[in-house]
Amino acid sequence: MFSFIPGHAARKRREESAQRRHELQRQRFRRDMAAIRAQHDTIQLATGFRNDHMKRIVNWTPGDFQAVLSMDREELQDKSTELYWTNGTAQGIAQGILNSVIGNMLPQSMIDPKRLGLDDDIATAIQDTVEAEFRTWAAAGSVIRQETFKDCQELSFLSLFNRGEYFYERVRRAPNDLQPYNTRCRLIHTSRIKTPHDKRRDGNVQDGIEINADGSEIAYWVKQTLDKEGKVNHNLPDKAENFQRIPAYDRFGRVRMGHRYARREIGRYRGLPELTPVLDRFKMLAKWDEAWITREWFSACIGLILETPAGGQGLSALGKNKDGGRDTDTATGQEKDYLWPGMVFRTRPGEKPHQFHIANTSEHYEVFKDRQVDDITAAIAVPSPVLDPSRLGDATFSSARVMTLKAIKQFLFYHALIAHLGQDFYRHVLEEIILRGPTSTRIPQLPITADQYFLQKAEWLRTSWGTVPYGLIDPNDEADAYLKLIEGNLSTLEHSANQLGQTDWRGILRQRKREEDFRKELGLADPFDTTPGHAGTPAGPNLRIVPLPETATEDERRAMAFQLILDTIAHYTAESHRTGQGLDALIRPTNGNGDTQ
């Protein structure tokens, strides 16, 4: 037996069920919006109501932090780049770090002859050949003929600093008169890496980067700048047909397109500008500069207040403007009065002039500006006196050295991010030497086969990338420290040379040998030879002998003798530390007469 429900009763039940669902959705929405408002208020209180770009978080569900970063990333990158071109302080910071990171940044082959089964002479010849060929390639390594590979490194760093990331692609071009290799480097602007509109529902494409299940980047979606007719067009719609999908690796596992950024957040695939935390500081500093300039402009003028009696008829002597007429304030209907340079006027009876000056606050301005610059440089972990040595002031040697070492560590962090670019192209150049060397007249042939290389590829790709020579704060003490570390087998000439920014330690030894051979050819004495009778023999102690008068007392004569003994001990102790010889070897007879050195 079947029960029958009238149509109006069924509709009523459906309507009640729909109302209950809508009510539950409204309650969930109100709960989510309350959480969003609480998160927004927390951010505003923590940032002092200055981070306006974080207000957009109210349009997103809680926990969708990656979406917020993706939304604000382009705006932050554009603001940071604009700041670089319009703010002298920001540009000075970026250029100062650039000059300390990108120098003679060329690779030094670090292959181990024993692990590769090579003789030392053969391994040295291979290293010299590969390093020389990479320098040849780097001179014209960019896809743009006017750029060198060093230009690519510098532009990559500026993109890393101003936009938080850089992209590059390995392309192939035919050899030319300046470039015997096919490999070229092409940099891609970060604004061209984005997700097409018709790919936004694809969960594998995040902010222009396609990832796999492991979270690894496998491809990049690059917006094209040429239309179907081959004409330049930067306003093409963001459709997939106007994008090129470039794989991250080719079929041999080599990098085809690379992406480097500072990975400071798990699950984030795009970088943010290095100055992101302090963009508001620059805005505040710009407003303070504008206010200070305005104050200086007013302080350069003569401020004058004219006191008139009640019921006066105005200041007729000051009433005319530049054109000789009168101006009226539209708001109050009163005539405006003017003062002009060199103007002479007479006051009416009862009028009293009062001059006033704006107080000079330049000291407060400098203190405020220095504080802002300190906070800005602290965000990038570089002490401000390192970028502006004039601010060292009365800093001691210890504090200056601490600040310098801290800055160098941050420079090496940036250096490592840029070294990835060079390492990827070093691999392409090396493989091109191995594969094309036997058949090319412009590329040298290495004494190894392709099989030897591919079987131990990781060993052949071991390199060290040179840094900018940072110099020595205290040359005497620091140079002596390097020598002691090498003598104590705690360091090597290669490591010490890299610390000083010299990548070619073999070249240092070769040059020293050439200089030594040339010195011998000219018959010059060795300045470092400490054997008796040579130019390098250490001189005797620099005794401070002061003639004593005949009337000198016995105590004065004893003090003089004691000082001579101290000077002699100090001299030979220093020589013992410098030469590694004992005092008995230094203070000894040097000729048949028994005279001591």
Side-chain angles (χ1 to χ4, degrees), residues 103-138 141 149 180-181 183 249-250 252-255 258 412 415-440 443-467 469 479 481-517 580:
N104 187 23
M105 199 171 176
L106 293 172
Q108 177 183 337
S109 177
M110 300 293 295
I111 61 176
D112 188 345
K114 293 183 179 180
R115 295 176 67 92
L116 295 172
L118 301 174
D119 294 335
D120 291 342
D121 294 340
I122 296 178
T124 301
I126 293 175
Q127 290 174 316
D128 294 343
T129 302
V130 174
E131 292 170 7
E133 287 302 304
F134 188 88
R135 287 193 291 269
T136 300
W137 172 85
F149 187 64
Y181 294 92
T183 302
Y249 303 94
D250 60 14
F252 299 107
R254 300 176 300 183
V255 175
L412 294 177
H415 179 274
L417 290 175
I418 303 301
H420 285 291
L421 171 70
Q423 186 65 23
D424 288 340
F425 283 95
Y426 176 84
R427 173 181 178 179
H428 290 297
V429 173
L430 177 58
E431 292 182 0
E432 197 166 344
I433 295 174
I434 295 173
L435 298 176
R436 292 186 55 209
T439 60
S440 175
I443 298 178
Q445 181 178 358
L446 297 179
I448 61 173
T449 63
D451 292 339
Q452 288 178 292
Y453 167 75
F454 287 108
L455 286 175
Q456 294 180 291
K457 182 168 32 179
E459 291 295 329
W460 287 103
L461 293 177
R462 293 178 59 187
T463 56
S464 175
W465 291 81
T467 60
Y482 281 121
L483 292 176
K484 289 181 179 179
L485 289 174
I486 295 175
E487 293 173 358
N489 296 322
L490 297 177
S491 183
T492 62
L493 176 60
E494 174 198 351
H495 180 266
S496 300
N498 286 336
Q499 290 288 317
L500 297 174
Q502 303 292 331
T503 59
D504 189 9
W505 65 276
R506 298 185 189 87
I508 295 175
L509 295 180
R510 294 191 192 97
Q511 181 62 27
R512 287 285 298 117
K513 185 177 184 304
R514 285 192 290 265
E515 293 176 357
E516 182 66 16
D517 293 341

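For the numbers below, each heavy atom of this structure counts, side chains included, while hydrogens, waters and symmetry mates do not. For reference, positions follow the sequence shown, starting with 1. Since this is a predicted model, take the numbers as computed values, not measurements.
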Measuring from [X]:[atom1] to [Y]:[atom2], what's the distance to the nearest 0.5 Å?
X	Y	atom1	atom2	answer
Glu431	Arg254	CD	CZ	5.0 Å
Asp121	Ile126	CG	CD1	11.0 Å
Leu483	Leu493	CG	CG	10.0 Å
Thr449	Phe454	OG1	CZ	10.0 Å
Met105	His415	CE	NE2	3.5 Å
Leu490	Lys484	CG	NZ	12.5 Å

Handout entry: Sequence-distant partners of Gln445, side-chain hydrogen bond (donor to acceptor under 3.5 Å, both in side chains), two or more places apart
Key =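 Testing Gln445 for side-chain hydrogen bond (donor to acceptor under 3.5 Å, both in side chains), a comparison that skips the adjacent residues, returns none.
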Minimal non-hydrogen separation, [X] against [Y], with atom names:
X	Y	answer
Ile433	Tyr181	CG1-OH, 3.4 Å
Pro447	Ile122	CG-CG2, 4.0 Å
Phe149	Gly422	CZ-CA, 3.7 Å
Leu116	Ile111	CD1-CB, 3.7 Å
Thr183	Trp137	O-NE1, 2.8 Å
Pro180	Ile443	O-CD1, 3.9 Å

Exercise for the section: May I ask you to check whether over 12 heavy atoms, not counting those of Tyr482, lie within 6.0 Å of atom OH? Expected result: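 Result for OH/Tyr482: enclosed.
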Handout entry: Check against side chain to side chain contact (heavy atoms under 4.5 Å, CB included), Val130 and Leu446
Key = CA-CA 9 Å; Val130 174; Leu446 297 179; 4.0 Å; yes
Practice task
Begin with the C-alpha distance, continue with both residues' side-chain angles, and end with the deciding distance and a verdict on side chain to side chain contact (heavy atoms under 4.5 Å, CB included) for Ser496 and Ile486.
Solution key: CA-CA 8 Å; Ser496 300; Ile486 295 175; 3.7 Å; yes
Practice task
Give a yes-or-no answer on whether the side chains of Gln423 and Trp465 include a donor-acceptor pair shorter than 3.5 Å.
Solution key: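 Distance-only check passes for Gln423 and Trp465.
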Handout entry: Summary of salt bridge (Lys or Arg N to Asp or Glu O under 4.0 Å) pairs that have at least one residue in residues 104-119, sequence neighbours excluded
Key =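 Found Arg115-Glu459.
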Handout entry: Test side chain to side chain contact (heavy atoms under 4.5 Å, CB included) applied to Arg427 and Thr463, Val255, Leu461, the passing residue
Key =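 Single side chain to side chain contact (heavy atoms under 4.5 Å, CB included) partner of Arg427 among Thr463, Val255, Leu461: Leu461.
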Exercise for the section: Answer yes or no: is there an ion pair linking Glu515 with Arg512, defined by an N-O contact shorter than 4.0 Å? Expected result: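 Salt bridge between Glu515 and Arg512, a charged N being under 4.0 Å from a carboxylate O: yes.
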Practice task
Taking Gln127 for its side chain and Gln108 for its backbone only, find out whether a donor-acceptor pair lies under 3.5 Å.
Solution key: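 No.
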Exercise for the section: Could you walk me through whether Trp460 and Ile448 pass the side chain to side chain contact (heavy atoms under 4.5 Å, CB included) test, one step at a time? Expected result: CA-CA 11 Å; Trp460 287 103; Ile448 61 173; 3.6 Å; yes
